[in-house]
Asks: 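Dropping the structure in here first, questions after.
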Protein chains: 2
Amino acid sequence: MATGRTHRPATRSRGIPEATVARLPLYLRALTALSERSVPTVSSEELAAAAGVNSAKLRKDFSYLGSYGTRGVGYDVEYLVYQISRELGLTQDWPVVIVGIGNLGAALANYGGFASRGFRVAALIDADPAMAGKPVAGIPVQHTDELERIIEDNGVSIGVIATPAGAAQQVCDRLVAAGVTSILNFAPTVLTVPDGVDVRKVDLSIELQILAFHEQRKAGEESASAAAAAADGAVPAAAARRTPPAEQGPDGDVPAVMPA
Amino acid sequence: MATGRTHRPATRSRGIPEATVARLPLYLRALTALSERSVPTVSSEELAAAAGVNSAKLRKDFSYLGSYGTRGVGYDVEYLVYQISRELGLTQDWPVVIVGIGNLGAALANYGGFASRGFRVAALIDADPAMAGKPVAGIPVQHTDELERIIEDNGVSIGVIATPAGAAQQVCDRLVAAGVTSILNFAPTVLTVPDGVDVRKVDLSIELQILAFHEQRKAGEESASAAAAAADGAVPAAAARRTPPAEQGPDGDVPAVMPA
DNA sequence: GTATGTGAAGGATTTCACAGCG
DNA sequence: CGCTGTGAAATCCTTCACATAC
């Protein structure tokens, strides 16, 4: 069943590598902070430190966008903010719907990062009739029955799924059928979508499990290098040495955003 | 300041590549579902479909764990569940604390994925004195003052930060000083941590921005290939063709989990 | 002099394709 | 004969190191 299809390059988008795209938001955030402090220019070194990456990577990333820096000086903060925003498509306004207004959905609705730039919560949708009309984050919750109408009326192309796992695929199908082409999935399920629809997922338990793997490895090394310290129930001693920012979690993302 | 340090290989953990580690939880989830349906064995093809990856990748991933399959037959579901659980360190119990019990923190506390396997919410911590004692998800919230004591008493090595961005670094510092060596950060900030501490981050606005990038690109291609359709405010028409599972969001993670 | 921009080198990850075992 | 396990090829990503421009 089509596993060994010729398979398009999938990654790389009009020249900009996926790994770079995944870091642009980080740079943008650091730049926005600088902009608010009225800092006029930054060097790759400084900006890289603020974003938690190394400077060579940052320069390479920016080189895909064009030559926006000045040699011997650095980058103009405002100009870069604009260029990255434009590249990410944040100069336009993206209406998003959140489906599933439980604790998580409510948290997402209240999250300030939406309004920050480019995104607007167009509607909150929940299957529970008792929730209908109740305002969350100042927006009245609407019933799932309205889903298709809401999508179309608002021209929504990005949907956030925060439902229980069992409902996610069904919600996803309806979103896609109504015209949504990008989905952010918080439900712990693999979603099946048509060609041309992007899915990204955020999954607490996966992240925890990855941490547990490394945590276990640390414990193992401890008793290996330090010649079997206190046996099992040992409380890991806090390390002491400080170190500069350094890379972090799911940056170095190679998401394959599945243009399937 | 020390960006160009010699820098250890960073990735690859005792032979298992980071990219593989990031997928093990996906396989585990798919296998658990099969186990619950009492399916005795699966082929790499079937399991790959369920996990949303391709079968060659899955086989390669499993090859790092050892030879747990049977040629001509497939993999024993129960056995694989056990092996992956063990590899991920889920056969032991990891107490975690959640700091910042707002909407998001409450959502995380209520999330069933914790109890599922290996993780246990040892404590909920919040800076608001008014929250102290109030039960969330059946667990009483404790005040930040208690943080160090809680970490030590419970031997907590994994902390979840769900505070506002402004408080995250400070909370992080205290967690680390108290002995936490793995942090899952939901606050939109880059955390600075000492050597030996792992940080992973989950960031809604970054995910949305990545989706927006691809969404914008789709719109551009539309008017490029389909010879300039309706100009700007065009509501994207829903695609039609169905396709099999296919890769998804932040799987193909290359997280660099910063053993810094 | 200083910091960007970038070929080239070096790693890591994915995919191929098939040998080899049940 | 079917499906796993894996060298080898192909890709993608990161890092180096320096020419280049201000």
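In what follows, chains are A, B, ... by sequence order, proteins preceding strands, each numbered from 1. When reading the values below, keep in mind they use all heavy atoms of this one structure, side chains included, and skip hydrogens, waters and symmetry mates.
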Asks: Send over the distance from A:Tyr79 OH to C:dT4 P, rounded to a whole Å.
Replies: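 Going from OH in A:Tyr79 over to P in C:dT4 covers 16 Å.
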Asks: Please tabulate the protein-to-nucleotide N/O contacts below 3.5 Å involving nucleotides 6-9 of chain C, giving atom names and distances.
Replies:
| from | atom 1 | to | atom 2 | distance (Å) |
| --- | --- | --- | --- | --- |
| C:dG7 | N7 | A:Lys60 | NZ | 3.4 |

Asks: Taking the side chain of A:Ala19 as its heavy atoms from C-beta onward, which of D:dC13, C:dT4, D:dC22 lies nearest to it?
Replies: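 Given the options D:dC13, C:dT4, D:dC22, the side chain of A:Ala19 is closest to D:dC13.
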Asks: Give a yes/no on whether any side-chain N or O of B:Ser43 is located under 4.0 angstrom from OP1 or OP2 of D:dC3.
Replies: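 B:Ser43 to D:dC3 OP1/OP2: no side-chain N or O under 4.0 Å.
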Asks: Has B:Ser44 got a side-chain N or O lying under 4.0 Å from the OP1 or OP2 atom of D:dT4?
Replies: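 Checking D:dT4 against B:Ser44, a side-chain N or O does come within under 4.0 Å of OP1 or OP2.
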Asks: Taking the side chain of A:Lys57 as its heavy atoms from C-beta onward, which of C:dT4, C:dT15, D:dT15 lies nearest to it?
Replies: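 Closest of the options to the side chain of A:Lys57: D:dT15.
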Asks: What's the CD-C1' distance between B:Glu45 and D:dG5, to the nearest Å?
Replies: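 Rounded to the whole Å, the gap is 15 Å.
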Asks: Check side chain to side chain donor-acceptor pair (under 3.5 Å) between B:Gln83 and all other residues, then give those that pass, not counting sequence neighbours.
Replies: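 Testing B:Gln83 for side chain to side chain donor-acceptor pair (under 3.5 Å), a comparison that skips the adjacent residues, returns B:Tyr68, B:Tyr79, B:Arg86.
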Asks: Would you say CD of B:Gln170 has more than 12 non-hydrogen atoms from neighbouring residues, nucleotides or ligands within 6.0 angstrom?
Replies: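 Count not over threshold, so no.
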Asks: Side chain to side chain donor-acceptor pair (under 3.5 Å) with A:Ser44: which residues, sequence neighbours excluded?
Replies: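 In terms of side chain to side chain donor-acceptor pair (under 3.5 Å), with neighbours along the sequence ignored, A:Ser44 is linked to A:Arg59.
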Asks: Given atom CD of A:Glu18 and atom C1' of D:dC13, what is their separation to the nearest angstrom?
Replies: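 After rounding, the gap between these two atoms is 12 Å.
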Asks: Could you check A:Leu211, A:Leu208, A:Ile206 and say which one makes a side-chain contact (heavy atoms from CB on, under 4.5 Å) with B:Arg200?
Replies: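 For B:Arg200, the side-chain contact (heavy atoms from CB on, under 4.5 Å) test succeeds with only one of A:Leu211, A:Leu208, A:Ile206, which is A:Leu211.
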Asks: Look at B:Asp203 together with A:Arg29 and state whether they make a salt bridge at an N to O cut-off of under 4.0 Å.
Replies: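 Salt bridge between B:Asp203 and A:Arg29, a charged N being under 4.0 Å from a carboxylate O: yes.
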Asks: To the nearest 0.5 Å, what is the distance between CZ (A:Phe186) and CG (B:Leu204)?
Replies: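 A:Phe186 atom CZ to B:Leu204 atom CG measures 5.0 Å (nearest 0.5 Å).
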Asks: What contact category does B:Tyr75 fall into here, base, sugar-phosphate, or nothing, at under 4.0 angstrom with non-hydrogen atoms?
Replies: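 Sugar-phosphate, backbone atoms only, no base.
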Asks: Which comes earlier along DNA chain C counting from the 5' end, the contact point of A:Gly72 or that of A:Tyr68, where each point is its nearest nucleotide?
Replies: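 Mapping each residue to its closest nucleotide by heavy atoms, the 5'-most match is A:Gly72.
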Asks: Nearest-Å distance, CG (B:Asn54) to P (C:dA17)?
Replies: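 Going from B:Asn54 (CG) to C:dA17 (P), I get 13 Å.
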